[in-house]
Amino acid sequence: MPSSTAPVRTELTAATALRCVVVDDEDLARQRIVDLLEAEPRIRVIGTCSHGAEAVETIPRLEPDLVFLDVQMPDLDGFGVIDSIGREQMPPVIFVTAFDHYALRAFETAAVDYLLKPFDRERFQRAVDRALERFRRVKVEELTRAVDDLRGLGLVEPEGHHTDRLVVRQGGTVHLIKIEDIDWVEAARNYVRIHCGAEVHTMRETMTKIEERLDPERFVRIHRSTLVNVDRIRRIEPGYGSESRLELEDGTKLMISRAYRRGQVRRLLEDFD
């Protein structure tokens with residue numbers, strides 16, 4: 001069954017990395033940063049620049065997520081690069097320089113970090129970690145705003161109401177899952193696994209909370225760890241002892257525990273007799 005999930009935005013995940021440009025007029029210094037970044041799987045170097053004018057042309061064209069920017073360069077220094085591109089358009093910056101007296105001005109530009117040459121691998125790693133943490137926070141804020149916008153448009157129901165969609169955040173992507181596409185839901189400790197045909201989405205939620213948000217006329221609890229879409233049930237089979245089991249349209253077989261053989265489940269059993 002094809003899935004109708006719709007990604008709202010795809011950003012940094014385990015399989016993607018921050019796109020980075022390195023700007024430094026000294027060849028050895030520039031190459032050292034590139035070499036250090038090659039050992040960092042979460043950042044990918046997409047361009048290097050040897051002077052400020054080249055950076056002003058390259059950064060808007062490549063649109064990197066992060067820039068390592070030398071402060072002191074001939075003709076156009078690091079601050080001149082930022083002024084030329086514009087602070088609103090400039091990606092987050094890690095300044096690199098041999099002179100500490102630029103530090104205050106650097107942080108006035110909201111720099112991620114300030115690397116003072118010569119720096120060791122440990123100090124470099126702290127700067128990288130700081131950049132990744134800032135990026136993660138920005139993405140969380142963007143996802144929160146996206147969900148709030150969807151709620152404002154009436155596409156996502158407030159929690160505690162029966163809804164026609166579930167919002168699942170995975171990595172940097174928001175999936176909108178139509179309730180009608182869900183086959184069944186299973187508990188997995190502090191998460192639930194939502195089965196939609198061949199796709200399975202993991203959501204940090206309890207079974208009780210999910211059950212409260214789903215229409216009880218459409219979804220029934222057949223086990224403490226299982227909710228099933230009644231429209232997906234092909235047949236119910238008598239079981240041994242106190243348990244029965246049902247089979248879904250795709251062949252999946254699920255147990256009906258004795259504790260849930262009452263109410264709506266009992267009506268289901270009567271309908272299939």
Side-chain angles (χ1 to χ4, degrees), residues 1-10 13 143 146-273:
M1 179 182 68
S3 172
S4 61
T5 56
V8 174
R9 184 181 178 94
T10 302
T13 66
L143 290 175
V147 173
D148 289 342
D149 290 344
L150 292 170
R151 286 199 174 100
L153 294 171
L155 296 176
V156 179
E157 298 268 349
E159 291 189 13
H161 292 69
H162 297 155
T163 181
D164 60 356
R165 296 171 188 258
L166 290 178
V167 177
V168 178
R169 305 174 190 179
Q170 293 180 305
T173 303
V174 174
H175 294 277
L176 299 180
I177 302 176
K178 290 184 178 180
I179 297 303
E180 63 198 47
D181 292 335
I182 298 175
D183 299 330
W184 62 290
V185 182
E186 65 174 323
R189 295 189 178 181
N190 296 325
Y191 295 81
V192 293
R193 290 165 54 85
I194 303 168
H195 295 260
C196 304
E199 293 193 357
V200 181
H201 301 275
T202 301
M203 182 178 185
R204 189 174 180 85
E205 190 59 278
T206 65
M207 284 293 286
T208 299
K209 289 293 186 180
I210 285 292
E211 186 176 19
E212 289 174 353
R213 298 184 62 195
L214 299 177
D215 185 350
E217 295 299 317
R218 173 176 283 180
F219 287 86
V220 294
R221 189 89 166 259
I222 62 170
H223 191 278
R224 65 183 179 84
S225 61
T226 312
L227 272 166
V228 64
N229 185 340
V230 296
D231 292 333
R232 297 293 192 273
I233 300 174
R234 174 187 293 168
R235 62 179 176 225
I236 296 177
E237 305 170 349
Y240 297 100
S242 61
E243 292 188 329
S244 301
R245 65 180 180 177
L246 58 80
E247 182 178 337
L248 304 185
E249 291 176 350
D250 65 359
T252 300
K253 294 186 177 182
L254 303 170
M255 301 304 300
I256 304 174
S257 71
R258 181 177 180 179
Y260 290 89
R261 289 173 59 91
R262 61 180 182 272
Q264 198 168 23
V265 175
R266 179 178 295 173
R267 291 198 298 274
L268 270 178
L269 293 172
E270 292 172 352
D271 290 340
F272 276 83
D273 281 344

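We count residues from 1, following the sequence as given.
Counting only heavy atoms from C-beta outward, the side chains of Phe219 and Ile182 approach each other to under 4.5 Å. When side chains are defined from C-beta on, Ile194 counts as touching Leu166, because their heavy atoms get closer than 4.5 Å. Contact of the Val185 side chain with the Met203 side chain is not registered, since no non-hydrogen atoms from C-beta on lie closer than 4.5 Å. When side chains are defined from C-beta on, Arg218 counts as touching Asn229, because their heavy atoms get closer than 4.5 Å. Counting only heavy atoms from C-beta outward, the side chains of Glu211 and Leu227 approach each other to under 4.5 Å.
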Candidate pair Met255 and Ile222, rule side chain to side chain contact (heavy atoms under 4.5 Å, CB included), full reasoning:
CA-CA 7 Å; Met255 301 304 300; Ile222 62 170; over 6 Å; no

Could you walk me through whether His223 and Leu254 pass side chain to side chain contact (heavy atoms under 4.5 Å, CB included), step by step? CA-CA 9 Å; His223 191 278; Leu254 303 170; over 6 Å; no

Practice item. Check step by step if side chain to side chain contact (heavy atoms under 4.5 Å, CB included) holds for His195 and Asp250. Key: CA-CA 11 Å; His195 295 260; Asp250 65 359; over 6 Å; no

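Looking at residues two or more places apart in sequence or on another chain, you find a side-chain hydrogen bond (donor to acceptor under 3.5 Å, both in side chains) between Glu247 and Arg234, Arg235. Every residue was checked against the side chain to side chain contact (heavy atoms under 4.5 Å, CB included) condition with Arg189, not counting sequence neighbours, and none meets it.
Here the closest non-hydrogen pair linking Met207 and Ser225 is CE-C, 3.7 Å. The shortest heavy-atom contact between Ile177 and Val168 is CD1-CG2, 3.5 Å. Heavy-atom minimum distance, Trp184 versus Val228: CB-CA, 4.1 Å.
Atoms CD and CG, on Glu212 and Leu214 in that order, are 10.0 Å from each other to the nearest 0.5 Å. To the nearest 0.5 Å, atom CG of residue Leu248 and atom CZ of residue Arg232 are 9.0 Å apart. Between the OG1 atom in Thr206 and the CG atom in Asn190 there is a gap of 9.0 Å [rounded to 0.5 Å].
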